[in-house]
Each structure stands twice: as C-alpha cells, then as structure tokens.
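Some notes on the structure that comes next.
In the text below, chain A, chain B and the rest are named by the order of the sequence lines, each starting its count at 1. Predicted model, so just to flag it, every value in this text is computed and none were measured.
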Protein chains: 2
Amino acid sequence: MSRKITIKDVAAEAGVSEATISRALNDSPQVKKATRQRIQKIAQDLGYHPNGLARSIRVQKTNTLGVIIPDILNNFFTHIIRAIEDAAAQAGYDVLIVNTDEQDDREVSALNLMLEKQAAGVIITSAGGPTNYAAQLGNTPAVFVDRMPPAGIATQYDRVLVDNVRGTQDLVTQLIDRGAQRVGIINSAVSMTATERLKGYHRALSVAGQPHDPAIEVTARTDNSNVAQMTRQLLVNQRCDGLLAADNTIMDAVLHKLPDLDLPPFQLGSFDDQDWFDFLPQPIVTAKQPIAQIGKTAVDRLIARINQPDLPAEEFRLAAKIITH
Amino acid sequence: MSRKITIKDVAAEAGVSEATISRALNDSPQVKKATRQRIQKIAQDLGYHPNGLARSIRVQKTNTLGVIIPDILNNFFTHIIRAIEDAAAQAGYDVLIVNTDEQDDREVSALNLMLEKQAAGVIITSAGGPTNYAAQLGNTPAVFVDRMPPAGIATQYDRVLVDNVRGTQDLVTQLIDRGAQRVGIINSAVSMTATERLKGYHRALSVAGQPHDPAIEVTARTDNSNVAQMTRQLLVNQRCDGLLAADNTIMDAVLHKLPDLDLPPFQLGSFDDQDWFDFLPQPIVTAKQPIAQIGKTAVDRLIARINQPDLPAEEFRLAAKIITH
DNA sequence: GTGAAAGCGCTAACAT
DNA sequence: ATGTTAGCGCTTTCAC
C-alpha cells in the first residue's frame with residue numbers, strides 16, 4: 001500500500017522546496033503564476049491532500065466549531081444542526097457534531113473531544129446536568145443554545161434561545177380563542193425552559209380571566225415515560241378541554257395515547273412545530289421556533305467571540321410564530 | 001487571556017521531563033505509580049487537555065471516521081447517524097458528520113475535508129452524482145451505505161444496504177393481500193435503489209398474477225416536486241386502488257397531496273418507516289429498514305478494513321421488515 | 001524509572 | 001520569486 005503523499009513528495013516531484021509548494025497551494029501572490037499552475041497540477045496528479053492537522057498545529061488554530069446536541073433524532077435539533085452547518089460553512093468553518101442522548105457523562109466526553117480536537121469554539125444545546133462548564137471549557141469560546149446552563153453561570157456565556165414566555169402565552173391565548181375553557185399543560189423536564197413556558201401559560205390564563213389550577217399543571221420526565229398517564233389524567237379525570245404539550249417530544253407521546261381515550265372535542269397545542277402535524281386527524285396549534293435564525297445567530301456570535309474574546313456575554317431572544325395546522 | 005496549557009507547562013510544574021508527562025498521562029506501566037498520580041493531579045489542576053492534533057500527527061493515525069449524509073433532516077439518516085455514532089464510540093472512534101443536502105459539489109468538499117482531517121476511513125451514504133471516488137479517496141478505506149456508487153466501481157468497495165427487491169416484493173404483496181388490484185408505484189430518484197425496488201414490485205405483481213402497466217410506474221424527482229401531480233395521476237386518472245411510495249420523502253409528499261383528492265378507499269404503502277405513521281387517518285404498510293444493524297455493520301466493516309486494508313470488497317444485504325400501522 | 005533528542009507535516013520568518 | 005530554517009505539541013527510540 002502506497003504511503004500517504006506529503007508536501008515533501010510534491011516538492012521532490014516538482015523539483016522545488018517545500019516552502020514553494022506550500023505557497024503555491026495556498027495561492028500566495030508571490031509565487032510565479034506558471035510555477036503555481038505547474039505545482040497545482042503535480043499535486044493533483046499525485047493525489048495530494050494537505051494534512052490539515054499539521055497545518056492547524058503549525059498555525060495554532062483550527063476552523064472547527066464543536067456542536068453538542070442532546071438528541072439527534074429530535075427534528076428540532078436536526079434543523080438546528082443544519083442551520084449551524086450552513087452558517088458555519090459560509091464563514092469558513094467546519095462542524096464537529098456530537099450527540100449525547102441526554103446523558104451527562106456523554107456531554108463531558110463530547111466536550112473533552114472538542115477540546116482535544118482544538119475546536120475554535122463550541123455551541124452547546126445539551127446542558128442537562130451538573131457539568132462544570134467553567135472548569136471544562138477554560139477559555140474556549142462557547143455559546144449556549146436552547147438549553148441553558150445553571151442559573152449561576154449562565155450569565156458568563158452567550159445564550160441564544162426562543163422567547164418562551166411570549167411564545168407560550170400566544171399559543172395558549174390561541175387555544176382559548178378557539179374555545180378552550182380549561183387548558184392543561186404537560187411541561188418540559190428542562191428546568192429553565194419549563195419555568196418560562198409555565199410563566200407564559202399563566203399569563204395567558206390571567207389575561208383571559210381564567211383561574212390557575214395546579215392540578216392541571218404537570219411535568220413530563222425526560223424520557224416522557226409518564227406522559228401517557230398524564231394525558232389521561234388531564235383530559236379524562238380533570239376534564240380539560242385544552243391541552244398544551246410543552247415540546248415536540250411530549251406532543252408525540254400525547255398523540256400516541258389519544259386513540260386509547262374516548263374524548264369530546266378539545267383544543268391541542270404544542271411548543272415546536274413538525275411538518276407532519278398537517279396529517280393529524282384534529283387541528284393543532286404550535287409555537288414554531290425560528291430555528292434557522294437561532295442557528296445563524298449562535299454561529300455568528302460564536303465566531304465574533306472567537307475573534308474578539310472579551311465581548312460581554314449576551315442573551316439573544318428570538319420570537320416564536322404561532323401556526324395552526 | 002491565558003495561553004493554552006501544553007505538556008510543557010505540566011512538565012515545568014511537575015519538575016519532570018515532557019516524556020514522563022506523556023507516559024504518565026497515557027498510563028504507561030513503566031512510570032512509577034506515585035509519579036503518575038502526582039502528574040495526573042497536576043494536569044487536572046492546570047486544566048490541561050492534550051492536543052489531539054499533535055498526537056495524531058505524531059502517531060500518524062487518527063481515530064476519526066468520516067460520515068457523509070445526503071439529508072440530515074430525513075429521519076432515516078438521523079437514525080443511521082445515531083447507529084454509526086454508537087458503534088464507532090464503542091470501538092474508540094469519533095465521527096465527523098457532513099450533510100451534503102443532496103448536492104454533488106458538497107459531497108466533494110465533504111470528502112476533501114475528511115481527507116484533510118486524516119479520517120481513518122469514511123462511510124458514504126450520499127453517492128448522488130459523478131464524484132470520482134477512486135481518485136478522490138486514494139487508498140482511504142470506504143464503505144458505502146444505502147446509496148451505491150456507479151455500477152462500474154461499486155464492486156471495488158464494501159457496501160451495506162437493505163434487500164430492496166425482497167422488501168418491496170413483500171410490501172407490495174401485503175398491499176395486494178389487503179385487497180389492492182391495481183397498485184401504482186412512485187419510484188425513487190436514486191437509480192440503483194429505484195431499479196431494485198421496481199424489480200421487487202414487478203415480482204409481487206407476477207406472483208399475484210397481476211399485469212405490469214408502465215402507465216402506473218412513475219419516478220419522483222430528487223426534490224419530489226412532481227410527486228403531488230403524480231399522486232393525482234395514479235389515484236385519480238389511473239384509478240389505482242393501491243399506491244406505493246418508494247421512500248419516506250416521497251410518502252411525505254403523497255400525504256400532503258391526499259387531502260386535495262376525493263378518493264374511494266385504497267391501500268397505501270411506503271418503503272422506510274416513520275413513527276408518526278401511527279397518526280395517519282388511514283392504515284399504511286411499510287418496509288422498515290434495520291437501521292441500527294446497517295449502521296453497526298458499516299462501522300464494523302470499515303474498522304476491519306482500516307486494520308486490514310486488503311480485505312476483499314463485500315456486499316452486505318440486510319432484510320427489511322413489513323410493518324402495518 | 002526518567003531524560004534528551006529527533007521528527008511527524010506543515011507554514012512563516014528570514015535570507016538570498 | 002524561491003530556499004533555508006525553525007518550531008507548533010506530542011510520542012518514541014535510545015541513553016542512562
């Protein structure tokens with residue numbers, strides 16, 4: 001098996017120094033055009049691919065952004081990934097994605113991997129557990145997206161996320177406008193998200209002059225294993241005529257349960273949108289996050305911070321849009 | 001901003017040579033236990049993370065597998081990614097995923113990126129266009145998954161994919177068993193996949209003693225822009241009482257069109273499964289691919305080839321499973 | 001059991 | 001316009 005082609009091989013073949021090869025391949029203006037073309041052809045013919053690791057080590061920087069994702073099977077996050085990839089590519093960065101499956105220890109490994117690969121910065125959407133970000137990250141630039149780190153340290157980092165309070169308020173208001181008198185909520189297991197979405201829910205009720213009832217405010221487990229039971233609880237026992245699922249995975253679990261129940265008409269709402277909601281047998285209202293914009297904002301901010309590390313930490317809140325399927 | 005901590009800093013702090021640090025951190029048996037523990041503590045305290053790029057360059061290998069995906073928004077491929085990540089992690093490899101959005105030029109860039117990052121091997125599920133794999137890859141180990149390279153060169157590489165002929169045959173047979181007398185097919189734009197799925201379709205018809213009719217065998221564009229019109233064509237104009245979508249993206253487009261049409265009952269079938277098919281207003285039969293197994297097979301084979309480059313190229317065919325939602 | 005020195009592939013001063 | 005040299009951070013002989 002032929003050894004890997006290096007710049008040395010190209011230099012030997014072309015009869016010039018390695019430095020000239022390097023210059024020619026990097027389009028340095030100071031190498032003669034004829035030489036450059038000759039060298040590029042030789043490199044091509046030899047099947048030469050520069051060793052990016054060696055390059056990165058020499059120039060002391062990479063063009064890699066690390067991205068930590070809690071659940072790659074979740075449609076919301078695949079859209080995030082795509083938006084991040086696009087924005088990153090446009091800025092000349094490549095992306096190292098790691099899926100943690102909502103496991104804290106995998107988040108720690110993911111971060112380690114990214115640091116070892118010398119990521120220029122990281123985008124974190126996992127933030128489940130007790131990871132000590134400050135200690136792990138050192139001074140690697142980081143932006144948190146969607147899921148936030150613990151309150152104490154959140155303000156040290158840039159954050160990009162949807163306006164949960166407003167989005168949920170608008171969503172619940174819409175359910176009420178459509179006739180719901182008693183809207184139950186199955187909230188998210190992610191703490192800050194849950195707090196904000198609950199707040200929006202309460203606001204909508206207050207504005208509509210409807211009472212709060214703790215009995216119809218329940219919280220899903222991370223794996224949604226209790227959602228089926230809660231769905232029955234709210235729609236049957238508690239006689240809710242409106243149900244809000246605080247994210248798309250919860251809604252999925254709710255939908256799986258509904259056929260078992262024999263229910264009078266009720267209003268259904270979900271934070272996060274899915275294309276296939278169009279196919280459901282009953283209408284559904286969603287708060288659709290501006291995912292592309294979230295991804296782009298995160299990347300732009302991260303790159304800004306890479307280039308200028310002492311920017312003040314900022315929070316970016318983007319508006320959700322109410323959609324009726 | 002504090003400079004990045006290197007092995008040199010740890011050596012200075014510990015009062016030993018860099019070589020000893022390296023040995024200690026790599027659990028070399030020849031370093032005294034006390035020394036090792038002392039060094040590991042110092043490294044920890046300093047927030048030292050080894051530079052993986054430098055390491056890779058020195059040992060002349062990486063533990064990175066490149067993965068090229070045509071459409072990260074497609075549920076099928078996110079499952080593939082997850083299976084690959086899991087199998088790779090288990091074998092001590094990390095994964096570099098690049099999404100090409102079905103664009104040939106992005107596939108070429110993706111491959112270049114992987115070669116520059118010195119990927120130990122690549123898994124390719126894109127294979128859309130005229131990429132010259134042999135020239136691009138050189139002797140980088142590669143495994144093709146799901147989408148195959150052009151016929152001429154396919155046999156030079158390992159391939160992992162579902163048994164399309166059998167899967168489609170079983171699927172169509174199921175539709176016929178459920179009462180369909182005239183099953184139309186909207187085939188995939190991916191050529192080899194299409195050929196095989198058409199073959200399975202024909203076989204099922206032959207076994208059932210039903211005639212072939214080219215008028216009800218149509219092909220979707222890559223972007224599915226013609227699927228809506230074809231759906232009407234088959235179900236209305238051609239009066240099919242059965243419709244097979246040859247992949248999940250086609251089925252999605254079909255489902256979006258159905259509400260516009262006012263149809264007598266008919267049988268619906270789809271290659272590829274989706275969880276949310278459960279929620280559809282009418283039953284649907286699918287051929288579910290063994291995705292986890294496909295991913296694991298691909299990774300295992302790739303790693304085998306990395307360790308033993310002159311293995312003969314092989315094809316792995318895995319059976320799909322018929323599911324009725 | 002530990003240190004000194006070389007070198008992986010590349011680029012950037014500094015020469016010429 | 002091109003060559004020479006040094007060195008990025010790490011591991012691995014080869015000494016001791």
> Is it the case that A:Glu107 and A:Ser126 place a side-chain donor and acceptor less than 3.5 Å from each other?
Replying inline: yes
>> Using a heavy-atom cut-off of 4.0 Å across all strands, would you classify A:Gln60 as base, sugar-phosphate, or nothing?
In response: sugar-phosphate
> Just checking B:Ser56: base, sugar-phosphate only, or nothing, at a heavy-atom cut-off of under 4.0 Å?
Replying inline: nothing
Contacts under 3.5 Å, N or O only, protein and nucleotides 10-12 of chain C:
residue : atom : partner : partner atom : Å
C:dC10  : OP1  : A:Tyr48 : OH           : 2.5
C:dC10  : OP1  : A:Asn51 : N            : 3.0
C:dC10  : OP2  : A:Ile7  : N            : 2.5
C:dT11  : OP1  : A:Arg55 : NE           : 3.1
C:dT11  : OP2  : A:Ser22 : OG           : 2.7
C:dT11  : O2   : A:Arg58 : NH1          : 2.1
C:dA12  : O4'  : A:Arg58 : NH2          : 3.3

Would you mind reading off the distance between [X] atom [atom1] and [N] atom [atom2], rounded to a whole angstrom?
| X | N | atom1 | atom2 | value |
| --- | --- | --- | --- | --- |
| A:Asp9 | C:dC8 | CG | P | 12 Å |
| B:Lys61 | D:dT12 | NZ | C1' | 16 Å |
| A:Lys32 | D:dA1 | NZ | P | 8 Å |
| A:Arg38 | D:dA1 | CZ | C1' | 13 Å |
| B:Leu25 | D:dG9 | CG | P | 16 Å |
| B:Lys117 | C:dG9 | NZ | P | 19 Å |
| A:Glu116 | D:dG9 | CD | P | 15 Å |

>> If the condition is side chain to side chain donor-acceptor pair (under 3.5 Å), which residues does A:Lys8 pass it with, not counting sequence neighbours?
In response: none
> Ignoring hydrogens and geometry, is there a side-chain-to-backbone donor-acceptor pair from A:Asn74 to A:Phe76 under 3.5 Å?
Replying inline: yes
> Among A:Ile80, A:Ile68, A:Val299, A:Asp158, which residue meets the side chain to side chain contact (heavy atoms under 4.5 Å, CB included) test with A:Ile123?
Replying inline: A:Val299
